[in-house]
Each structure stands twice: as structure tokens, then as C-alpha cells.
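See below for the structure under consideration.
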Amino acid sequence: MRRFVYLLVWLIASSVSAQIQRDTIFNFPPDSSVFIRTKGPMPYLNYGLGEDRLGGAKMGTIDSLVLLKVTGQYKNLYRVRLTPHLSAWIPQNLTKRDTLVKLPLQYLTGSWKVWGDTHFDYVSIPLPDRLAYRSWQEVNPSKIIVDVFGATTNTNWITQLRSVKEIKSVDYEQIADEQLRITICLRHSQHWGYRVGYEGRRLVIAVKRQPEKLKLKTLTIAIDAGHGGTNLGARGLRSKQWEKDLNLSIALHLQRELERKGVKVLMSRVSDTLFNNNDRVLRFRTQKPDLLVSIHNNAAGDTTKTRGTSTYYKHLGYRSLSQTILKRLLDMDLAEYGNVGRFNFALNSPTEYPNVLVEGAFMSHPADEAWLINDDFRKRMAKQIRKGIEDWLKKVRKGQDFE
């Protein structure tokens with residue numbers, strides 16, 4: 001009978017939502033029990049209903065089969081309850097219904113284990129089900145913070161083995177009802193990446209260790225040439241050249257710059273081929289680079305004033321890389337468009353490795369465009385990006401603070 005009621009509520013909600021006005025949120029009854037689980041390799045939660053060309057502001061990606069309670073619907077989005085005082089939104093096509101949920105009185109954690117292998121340290125947290133979470137980085141001192149929604153702590157000990165190398169300490173705090181906060185303190189000031197996901201019903205946080213040798217030739221660096229194929233990108237105001245071609249040219253020059261220094265280079269594309277951004281992210285996830293540089297060029301409706309070079313990051317722990325590359329690019333006498341944070345771009349979204357988006361210059365500005373269509377200039381730009389990476393490594397080796 002209970003399953004029938006759940007299904008009936010779902011069918012009523014679906015019927016009503018098909019009839020509601022375009023800009024109306026349909027709120028489910030407070031006592032309804034409609035549950036979904038995430039599906040696919042990269043489901044994500046949004047903070048709200050806002051949209052722009054990069055999509056809505058993302059709370060972050062989460063694992064598949066994560067359990068969520070639906071409390072409302074707007075167009076093709078579900079509103080889901082994370083805590084009594086916090087909701088998020090998720091596209092319907094990233095979910096599937098679950099009518100067999102058996103709710104415990106509380107989702108209690110067990111005791112934790114912290115250990116390491118050759119390249120990673122791990123924090124393992126047993127849970128009764130796959131619950132939603134969000135994570136972020138802090139700096140000075142460096143920390144990884146993970147909030148687990150719906151969880152209540154029953155952790156009476158945390159076992160940390162001597163095999164751990166990067167994690168200094170792990171602790172938790174029940175900051176609110178159904179909101180458990182995990183704090184992971186790191187030994188090094190520079191973040192090198194982490195990933196949160198489930199192994200069965202165990203939430204596992206894998207923390208990447210700092211490479212033993214902070215030399216360019218010891219790293220594996222991924223290069224993403226933006227756009228490609230039918231995804232043309234911007235077009236030059238006068239030259240009519242497509243951004244996809246200039247991006248690839250700079251990326252190939254950067255590949256040669258790095259390989260001459262002994263770097264192992266991973267390329268998202270080496271020809272005029274089409275890959276969507278999610279496929280690029282998933283590919284690099286399996287290849288596990290030490291860092292990533294995504295190459296694009298910019299455009300604006302204003303063709304007289306808006307110009308310059310810029311770098312972009314999403315996660316605070318990777319800002320330093322974007323700063324040192326920008327500083328080198330500005331040595332080319334390009335105007336400064338800025339260092340942009342919290343950038344909601346797919347190639348900036350991974351937490352697994354430091355990453356930066358480089359927007360070389362504006363194809364919509366005559367002077368910037370004249371530089372970009374010159375291959376010697378593109379070679380020099382690649383060289384400056386390589387120097388910026390080396391500057392960053394030098395600062396990391398010396399433990400220097402970043403601006």
C-alpha cells in the first residue's frame with residue numbers, strides 16, 4: 001500500500017506539472033515521499049534556477065545512485081531536499097525513480113578508516129545509503145571540506161594508518177540536523193586534487209599526494225584545445241578565422257613546448273574533431289593528469305574596448321596556477337582582462353587535479369585578432385603558458401605564498 005501511495009503522488013505531480021504555467025514551481029505536499037536516484041557518470045546539483053551560457057551555478061558533481069527526496073518541480077528540474085533548511089535542483093534526465101526506499105530513523109555513520117597507497121590517501125566512511133554531498137577547498141591552511149547531507153554521526157573512532165602521507169588529520173562536526181561536516185587537513189599548502197565518491201555504501205574521499213619531484217619533466221600535463229569540428233567557437237572580426245583552429249594551434253605549440261622539457265602530455269584533440277566537454281572531462285578522469293590547461297580565445301559584442309587576456313579557475317586551491325600563467329601572458333603586452341574565479345566551465349569543474357582555463361585574447365577586437373592570427377605570436381603564447389607553469393612549480397617548491 002505504501003508503495004502505491006508513493007507512485008500515486010508521483011503520477012499526480014507529473015500530471016499537474018504538465019499543466020502548470022511555464023514560470024511556476026510545483027511544490028509537492030509536505031508529507032509526500034517521492035525519491036529518486038542519480039544516474040550517469042556526471043550527475044550534478046545546482047544551487048538554484050539561474051541560467052546563463054554556462055548553465056546554472058553548480059553545487060558540484062556527485063556520484064551515481066545517490067538517494068534524493070523530491071520536494072518540487074520546475075520545468076525539467078526537480079527540487080530535492082538536502083537538509084531541513086537546504087535544497088538543490090537537479091535535471092530530471094540525470095535521475096531515475098526509486099519506489100523501494102526503506103527509510104531508517106536516522107542515517108548514522110560508523111567508524112572511519114584513513115590509509116594510503118602509492119599515490120593517494122583515503123578516508124572511508126560507512127553509511128546506510130548513498131547520501132548527497134558537496135565539497136570545497138580551503139587555503140592557508142590547506143583543507144578539504146565535505147558536507148554529507150542527511151547523515152548523523154555515530155562515529156566513535158577514526159583509525160589513521162602510517163601509510164598516510166598527505167593527510168595530516170581528519171575530523172568531523174555535526175553542524176546541523178542532517179548535515180555532517182568532514183574536515184581533512186593537508187600537509188602541503190598546494191592542493192593536488194581529490195575525488196569524492198562511493199564504493200558500495202562507503203563514502204570514500206581519495207586525496208592525491210604532492211608529486212615527490214616538483215619538476216616539469218616529472219609531470220603529466222593535459223592540454224585541452226577548446227571547441228573543434230562543428231563546434232566552431234568565436235569568429236575573427238576581420239580574418240574570419242574560427243576560434244577552434246586558433247585554439248588547436250596554440251595547444252599544439254604548447255604540447256611541443258612541454259615535450260621538449262620532458263613532460264608527458266595528454267591531448268583532448270590533435271585535429272579538427274568534435275568532443276563534447278563532458279567526454280573530455282571523463283577521459284581525463286581515467287588518465288589522471290597532474291594538471292590541466294584548457295585553451296580558448298574570447299569574443300565580445302563590443303569590438304572597440306573589450307580586449308585582453310585572462311585566466312579562469314573554479315576551485316580556490318587551483319587559483320595559484322591561474323595567477324602565475326596570467327602574469328606570464330601579461331608580459332606579452334596584452335591588456336589585462338583579469339583572473340576570474342568560481343568559473344562554471346566544465347573543464348574547470350574537476351577537483352581531481354589543478355586546472356586552468358586560458359582565454360588568450362579577444363578575436364572580436366582588431367588589435368587582439370591581429371596578434372592571434374600570427375603563428376609566431378601563438379608560439380610565444382604557448383611558451384609563456386609553459387613558463388607560467390614553471391613559475392608555479394618553483395613557488396610550490398619554495399613554499400611561497402601566492403597573491
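Comment: E352 does not engage K288 in a salt bridge, judged by the lack of any side-chain N to carboxylate O separation of less than 4.0 angstrom. Classification of K208 and D121 as a salt-bridged pair fails, no side-chain N sitting under 4.0 Å from a carboxylate O. Ion pair R378/D375 flagged as a salt bridge, since at least one NZ, NE, NH1 or NH2 atom sits closer than 4.0 Å to an Asp/Glu carboxylate oxygen. Residues E257 and K261 are not paired through a salt bridge, judged by the lack of any N-O separation under 4.0 Å between the basic side chain and the carboxylate.
A donor-acceptor pair shorter than 3.5 Å cannot be found between the side chains of E243 and N297. Neither side chain, H315 nor N355, offers a donor N or O lying under 3.5 Å from an acceptor on the other. Using modelled atom types and a 3.5 Å distance limit, the side chains of E178 and Y107 yield no donor-acceptor pair. A donor-acceptor pair shorter than 3.5 Å cannot be found between the side chains of Y44 and S349. Residues S87 and R81 bring no donor and acceptor atom of their side chains to less than 3.5 Å of each other. Counting only N and O atoms by type, the side chains of T155 and W112 include a donor and acceptor under 3.5 Å apart. A donor atom on one side chain and an acceptor atom on the other are not found under 3.5 Å apart for S249 and N247. For D391 and T324, the side-chain atoms include no donor-acceptor pair closer than 3.5 Å. Q190 and S320 share a side-chain donor-acceptor pair at under 3.5 Å. No hydrogens or angles considered: a donor-acceptor pair under 3.5 Å links the side chains of T311 and N339. Between the side chains of E369 and S239, at least one donor N or O sits under 3.5 Å from an acceptor N or O. Side chains of Y312 and S310: a donor-acceptor N/O pair is present below 3.5 angstrom, by distance only.
Side-chain atoms of N298 never come within 3.5 Å of backbone atoms of E359 as a donor-acceptor pair (strictly under, hydrogens ignored). Judged by distance alone, with hydrogens and angles left aside, the side-chain atoms of T309 form a donor-acceptor pair with the main-chain N or O of G360 at under 3.5 Å. Side-chain N or O atoms of S294 include none that pairs as donor or acceptor with a backbone N or O of I223 at under 3.5 Å. Under the 3.5 Å distance criterion, the side-chain polar atoms of D290 are left unmatched by any main-chain donor or acceptor of Y353. Judged by distance alone, with hydrogens and angles left aside, the side-chain atoms of S163 form a donor-acceptor pair with the main-chain N or O of G116 at under 3.5 Å. When atom types are taken as modelled, the side chain of R181 and the backbone of Q174 share no donor-acceptor pair closer than 3.5 angstrom. For S268 (side chain) and A225 (main-chain N/O), a donor-acceptor pair under 3.5 Å exists by modelled atom type.
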Determine, step by step, whether K383 and D331 satisfy the salt bridge (charged side-chain N to carboxylate O under 4.0 Å, His left out) criterion, reporting the C-alpha distance in whole Å, the side-chain angles of both residues, the deciding distance to 0.1 Å, and the verdict.
CA-CA 11 Å; K383 186 175 183 179; D331 288 343; over 6 Å; no

Walk me through it: do N154 and T109 pass the test side chain to side chain donor-acceptor pair (under 3.5 Å)?
CA-CA 5 Å; N154 191 38; T109 65; over 6 Å; no

Passes side-chain contact (heavy atoms from CB on, under 4.5 Å), N46 versus L77? Steps please.
CA-CA 10 Å; N46 279 357; L77 298 171; 5.6 Å; no

Evaluate the side chain to side chain donor-acceptor pair (under 3.5 Å) criterion for residues N76 and Q92: first the C-alpha distance (whole Å), next the side-chain angles of each, then the deciding distance (0.1 Å), finally the verdict.
CA-CA 6 Å; N76 65 340; Q92 293 180 27; over 6 Å; no

For T304 and D302: C-alpha separation, side-chain torsions, deciding distance, then whether side chain to side chain donor-acceptor pair (under 3.5 Å) applies.
CA-CA 6 Å; T304 59; D302 169 27; 2.9 Å; yes

Decide yes or no on ring-ring contact (aromatic ring centres under 6.0 Å, His included) for Y337 and F362, but give the supporting numbers first.
CA-CA 10 Å; Y337 193 67; F362 275 79; 4.9 Å; yes

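Between V70 and S32, the shortest heavy-atom contact is O-OG, 4.5 Å. Nearest heavy-atom pair across D117 and Y122 is OD2-OH, 2.6 Å.
Ring geometry, Y198 versus Y133: the interplanar angle falls from 30° to 60°, so the pair is classed tilted. Relative orientation of the H227 and H296 rings is perpendicular, given thresholds of 30° and 60° on the angle between their planes.
Within the 4.5 Å cutoff, no side-chain heavy atoms of S64 are placed close to those of K39. V356 places none of its side-chain heavy atoms less than 4.5 Å from the side chain of Y318.
The salt bridge (Lys or Arg N to Asp or Glu O under 4.0 Å) test with D368 is passed by exactly one of K305, R307, R238: R307. None of V204, I125, L161 except one satisfies the side chain to side chain contact (heavy atoms under 4.5 Å, CB included) rule with K113; the exception is L161.
For the atom pair CE (M42) and CG (N278), the distance works out to 4.5 Å, reported to the nearest 0.5 Å. The distance from atom CG of L45 to atom CH2 of W89, rounded to the nearest 0.5 Å, is 12.5 Å. Here the straight-line distance linking atom CG of L330 with atom CD of E336 works out to 5.0 Å at 0.5 Å rounding.
Both the sub-6.0 Å distance and the 45° axial angle are not jointly satisfied by K314 relative to the ring of F343.
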